[in-house]
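Letters A, B, ... are given to chains in the order of the sequence lines, protein chains preceding strands, and every chain is numbered from 1. Keep in mind that the numbers below use all heavy atoms, side chains included, and drop hydrogens, waters and symmetry copies.
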2 protein chains.
Amino acid sequence: MIQEKKKAFNNFAVAKGLRSTRQRDIILDTFLSTNQHISVEELYLKIKSGNQGIGQATVYRTLKLFTEAGLAREILLNDGQTRYEHVIAGEHHDHLVCTGCNAIIEFEDETIEKLQKDIAARQGFHMRSHKLEIYGLCIKCRH
Amino acid sequence: MIQEKKKAFNNFAVAKGLRSTRQRDIILDTFLSTNQHISVEELYLKIKSGNQGIGQATVYRTLKLFTEAGLAREILLNDGQTRYEHVIAGEHHDHLVCTGCNAIIEFEDETIEKLQKDIAARQGFHMRSHKLEIYGLCIKCRH
DNA sequence: CATGTAATGAAAATGAATTTCAAAAGCAGA
DNA sequence: TCTGCTTTTGAAATTCATTTTCATTACATG
């Protein structure tokens, strides 16, 4: 699966005439090895801790490339930082965020997806994407 | 309705021991006279254009107060600016955003609301709030 | 391997939002 | 109404994430 993603990025790079660089390889490997929802800063620090010096700007730029290439998706919660998650082909999910401990749980719901398309259509919109976040307190944080 | 909101803010201010000031009156009047989804900058400029000099910081601070008081709600779309909309008692709605012209259409959907609560409950969450945005192209922007 | 161009990184710039702090203004109580 | 205490204000400085700049480095192709 990791190999597939690497290949996917490679295809994208070739198609776009991008060069292959040490930095992009490292950033991709590190991104693929992380959990979901990593912030740019976190990824940058993770790379740094592996003694592989890469500039922050490059991490920012490269994550945008991954997004363009369809391997990553930006998620903006309410903490002022952009996070990135892995895109898994054909899978869409939304987020349940605990306002107590900041835990993020993913979920999917076909019915909601469909209702959204209907709502958009009713207003003459062609739905491109959507964002649904449910905020609340998880079991642990309800004391 | 405007009077009610003013009274509501006044009650909040009294309860919190806040002083009543010229600035807060002007900001509240201006906010209540605007359309939905105004950014802080827009509100600030609107006030400024009325020859009533009020500092930006005060506008920021005051909108936070309105939010606390329950008259306004922060909305964060994907443009990096916080916008505020009016809170209408008991009414909740979500947003349909045109990525072409940035038009924002509000909608409500009981079924989606209910499904969200169910999803949260299924994960042991106590839902506090949620945010749903559908992005797409409106009729005009589909050329 | 030389040459043109893309990518990198450090530092500067940006832009929204927040904080600082001195001055101004509200609010008691005398 | 005056006095004194405290909150609020505003301009400027600060913060913080992100983007841009630009000189340098490193791909890749002839």
**Q** Can you tell which of B/T34, B/I54, B/T62 makes a side chain to side chain contact (heavy atoms under 4.5 Å, CB included) with B/L43?
**A**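 Answer after filtering B/T34, B/I54, B/T62: B/T34.
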
**Q** How many whole angstroms separate atom CG of B/L65 from atom C1' of D/dT7?
**A** 12 Å

**Q** Looking at residues at least two apart in the chain, or sitting in another chain, which of them share a side chain to side chain donor-acceptor pair (under 3.5 Å) with A/E108?
**A** none

**Q** Provide, to the nearest angstrom, the distance between the CD atom belonging to A/E42 and the P atom belonging to D/dA17.
**A**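 Taking atom P of D/dA17 as the reference, CD of A/E42 is at 11 Å.
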
**Q** With a 4.0 Å cut-off on heavy atoms, is A/K64 in touch with a base, just the backbone sugar-phosphate, or nothing at all?
**A** sugar-phosphate

**Q** Give me, pair by pair, the N or O atoms of the protein and of nucleotides 22-29 of chain D that are less than 3.5 Å apart, along with how far apart they are.
**A**
| from | atom 1 | to | atom 2 | distance (Å) |
| --- | --- | --- | --- | --- |
| D/dC27 | O2 | A/R19 | NH1 | 2.9 |
| D/dA28 | OP1 | A/S20 | N | 3.1 |

**Q** Are any non-hydrogen side-chain atoms of A/R24 and A/L28 less than 4.5 angstrom apart?
**A**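 The answer is no, as the side chains (C-beta and beyond) never meet within the 4.5 Å cut-off.
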
**Q** Is the shortest side-chain N/O distance from B/Y60 to OP1 or OP2 of C/dA17 below 4.0 Å?
**A**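 Checking B/Y60 against C/dA17: at least one side-chain N or O falls below 4.0 Å of OP1 or OP2.
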
**Q** For A/E106 and A/H37, test the side chains for any donor-to-acceptor distance below 3.5 angstrom and give the result as yes or no.
**A**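 Distance-only check passes for A/E106 and A/H37.
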
**Q** Give the rounded distance in Å between these two atoms: CD of B/Q81 and P of D/dA17.
**A**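 After rounding, the gap between these two atoms is 19 Å.
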
**Q** Whole-Å distance between C/dA7 C1' and A/I27 CD1?
**A**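 It works out to 11 Å between those atoms.
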
**Q** Nearest nucleotide by nearest heavy atom, which residue falls closer to the 5' end of DNA chain D, B/G17 or A/A57?
**A** B/G17

**Q** Over how many whole Å does the gap from B/R83 atom CZ to C/dA17 atom P extend?
**A** 10 Å

**Q** Looking at B/D118 and B/K114, is there a salt bridge between them, counting it only when a charged N and a carboxylate O are closer than 4.0 Å?
**A**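 The answer is yes: the pair qualifies as a salt bridge.
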
**Q** Heavy atoms, side chains only, cut-off 4.5 Å: are B/F107 and B/L132 in contact?
**A**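 Counting from C-beta outward, B/F107 and B/L132 do come under 4.5 Å.
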
**Q** May I ask you to verify if any side-chain N or O of A/T82 is less than 4.0 angstrom from the OP1 or OP2 atom of D/dA17?
**A** no

**Q** Go nucleotide by nucleotide along DNA chain C from the 5' end; which of A/Q56 and B/E41 gets its closest nucleotide reached first?
**A** A/Q56

**Q** What is the distance, rounded to the nearest whole Å, between atom CG of B/L76 and atom C1' of D/dA17?
**A**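 After rounding, the gap between these two atoms is 14 Å.
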
**Q** Figure out the OH/P separation between B/Y44 and D/dT9, and round it to whole Å.
**A**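 These atoms are roughly 14 Å apart.
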
**Q** Test B/E74 against every option in B/K131, B/K64, B/R83 by the salt bridge (charged side-chain N to carboxylate O under 4.0 Å, His left out) rule and name the one that passes.
**A**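 That would be B/K64.
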
**Q** To the nearest Å, give me how far apart CD1 (B/I75) and P (C/dA17) are.
**A** 12 Å

